[in-house]
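Just below is one structure, and these are the notes that go with it.
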Amino acid sequence: MIWLIVLLAIVLIVFLIVVAFYNRLVRYRNRVDNAWAQIEVQLKRRWDLIPNLVETVKGYAAHERGTFEAVTNARAAAQRATSPAETAQAEGILGQALGRLFAVAEAYPELQADENFRQLQSEINETENRVAVSRQVYNDTVLTFNSAIQTVPGVAVAGPLGFRAREFFEVEDQAQREAPQVDFSQAPGGGASSS
C-alpha cells in the first residue's frame with residue numbers, strides 16, 4: 001500500500017513538472033508570436049508609406065521609372081513573404097530599392113525642399129528604427145524560446161508536445177553591406193558645374 005502511494009506521488013510530481021514546463025513553453029511561444037506581430041505592424045506601416053513616397057518623387061523625377069518599379073515590386077514581394085526568413089530576404093531587397101530611391105531624390109534639390117517628401121522620409125526612417133527594435137525584441141524572444149525547448153528538461157517536454165524551434169528574423173548581411181549604385185549622369189540639372 002505504501003509503495004502504491006509513493007508511486008502515485010511520483011507520478012503526480014512528474015505530471016505537475018510536465019504541466020509547469022508546458023505552460024512555460026506556451027508563454028514563450030506566445031511571446032514569440034506577439035513579437036512577430038509587432039514586426040508585422042511596423043512593416044505594414046512602412047509598406048503603407050512607400051506608395052506616397054514613390055508618388056512624391058515621381059512628381060520631380062518622372063524619368064526614373066525603373067527605380068519606381070523596383071520599389072513597387074520589392075514592396076509587393078515583401079508583402080507576400082510568409083516566414084521570417086522570406087520576410088528578411090524581401091525586406092533586404094526593399095531596403096536596397098528604397099536606398100536607390102532616396103539616392104535619386106538627392107539629385108533634385110527642389111524635391112529635398114518639399115515638405116511632404118521630408119515628412120515621408122522622416123516617417124520611413126522612424127519606421128526603420130522601429131523595425132530594428134522590433135526585430136531585436138523578436139530575435140531575443142526566439143532565442144529564449146529556442147533555448148527553453150532545446151535544453152533539459154524542456155527538450156523532454158517540447159518535442160512530444162509539438163513545440164518546434166522558431167526562425168530568427170535576420171536581414172541578409174549582403175543587403176545591408178552593399179551601397180546602392182546610382183547613375184546621376186542623365187538626371188536633369190544633376191551635372192557638375194564647370195568653371
Side-chain angles (χ1 to χ4, degrees), residues 1-51 70-100 123-180:
M1 179 78 165
I2 292 180
W3 292 109
L4 182 60
I5 292 173
V6 170
L7 181 63
L8 286 176
I10 291 172
V11 168
L12 180 63
I13 290 171
V14 169
F15 176 75
L16 291 176
I17 290 171
V18 168
V19 166
F21 278 109
Y22 175 80
N23 289 340
R24 179 174 157 218
L25 295 177
V26 167
R27 281 192 302 275
Y28 287 159
R29 182 182 61 199
N30 290 344
R31 286 181 188 158
V32 169
D33 292 342
N34 181 55
W36 182 250
Q38 296 307 312
I39 288 175
E40 288 181 327
V41 165
Q42 298 309 322
L43 293 177
K44 181 171 181 343
R45 181 174 191 261
R46 180 184 189 206
W47 299 333
D48 290 346
L49 291 169
I50 290 172
V71 171
T72 302
N73 293 339
R75 175 182 177 257
Q79 289 176 309
R80 286 191 303 270
T82 56
S83 71
E86 288 176 9
T87 301
Q89 182 180 14
E91 287 299 321
I93 293 168
L94 179 57
Q96 285 180 331
L98 280 174
R100 287 190 296 275
E123 287 182 36
I124 285 182
N125 288 336
E126 180 182 325
T127 302
E128 296 292 336
N129 292 335
R130 289 180 181 181
V131 169
V133 169
S134 295
R135 186 177 74 222
Q136 173 79 35
V137 169
Y138 172 79
N139 285 339
D140 289 346
T141 307
V142 167
L143 177 64
T144 301
F145 176 75
N146 288 349
S147 295
I149 67 170
Q150 294 169 349
T151 57
V152 174
V155 72
V157 175
L161 296 178
F163 291 94
R164 302 287 176 253
R166 295 292 185 94
E167 291 179 89
F168 288 98
F169 183 40
E170 299 173 319
V171 177
E172 299 274 328
D173 287 340
Q174 190 71 10
Q176 287 185 339
R177 286 188 202 154
E178 289 183 11

Q. What is the minimum heavy-atom distance between Arg75 and Trp47, and which atoms define it?
A. NE-O, 2.7 Å
Q) Taking all atoms of both residues into account, what is the closest heavy-atom pair of Arg166 and Asp33, and its distance? A) NH1-OD1, 2.8 Å
Q: Would you indicate whether the side-chain heavy atoms of Arg29 and Phe163 approach each other to under 4.5 Å?
A: yes
Q) Is there a side-chain contact between Val41 and Arg45 (heavy atoms, below 4.5 Å)? A) no
Q. Of all heavy-atom pairs between Ile149 and Ala165, which one has the smallest distance, and what is that distance?
A. CD1-N, 3.3 Å
Considering only distance and modelled atom types, tabulate donor-acceptor pairs under 3.5 Å from the side chains of residues 13-25, sequence neighbours left out.
unit_1	atom_1	unit_2	atom_2	d
Asn23	ND2	Val19	O	3.4
Arg24	NE	Tyr28	OH	3.4

(Q) Within this structure, what is the CG-CG distance for the pair Leu4 and Leu8, rounded to the nearest 0.5 Å? (A) 4.5 Å
**Q.** Gap between atom CD1 of Ile5 and atom CD1 of Ile10 - 0.5 Å precision
**A.** 12.5 Å
Q. How long is the gap from CZ on Arg46 to NZ on Lys44, to the nearest 0.5 Å?
A. 14.0 Å
Could you tabulate the donor-acceptor pairs under 3.5 Å formed by side-chain atoms of residues 81-88, not counting sequence neighbours?
unit_1	atom_1	unit_2	atom_2	d
Thr82	OG1	Glu86	OE1	3.0
Ser83	OG	Glu86	N	3.1
Glu86	OE1	Thr82	N	3.0
Thr87	OG1	Ser83	O	2.8

**Q.** Shortest non-hydrogen contact from Val155 toward Pro160
**A.** O-CD, 4.2 Å
**Q.** Gap between atom CZ of Phe169 and atom CH2 of Trp36 - 0.5 Å precision
**A.** 5.0 Å
**Q.** Point-to-point distance, once rounded to the nearest 0.5 Å, from CG of Asn73 to CG of Leu94
**A.** 11.0 Å
(Q) With side chain to side chain donor-acceptor pair (under 3.5 Å) as the rule and sequence neighbours excluded, what pairs involving residues 138-165 come up? (A) Gln136-Asp140
Q) Below 4.0 angstrom, N of the basic side chain to O of the carboxylate: do Arg130 and Glu126 qualify? A) yes
Q | From CD (Glu91) to CG (Leu98), nearest 0.5 Å | A | 9.0 Å
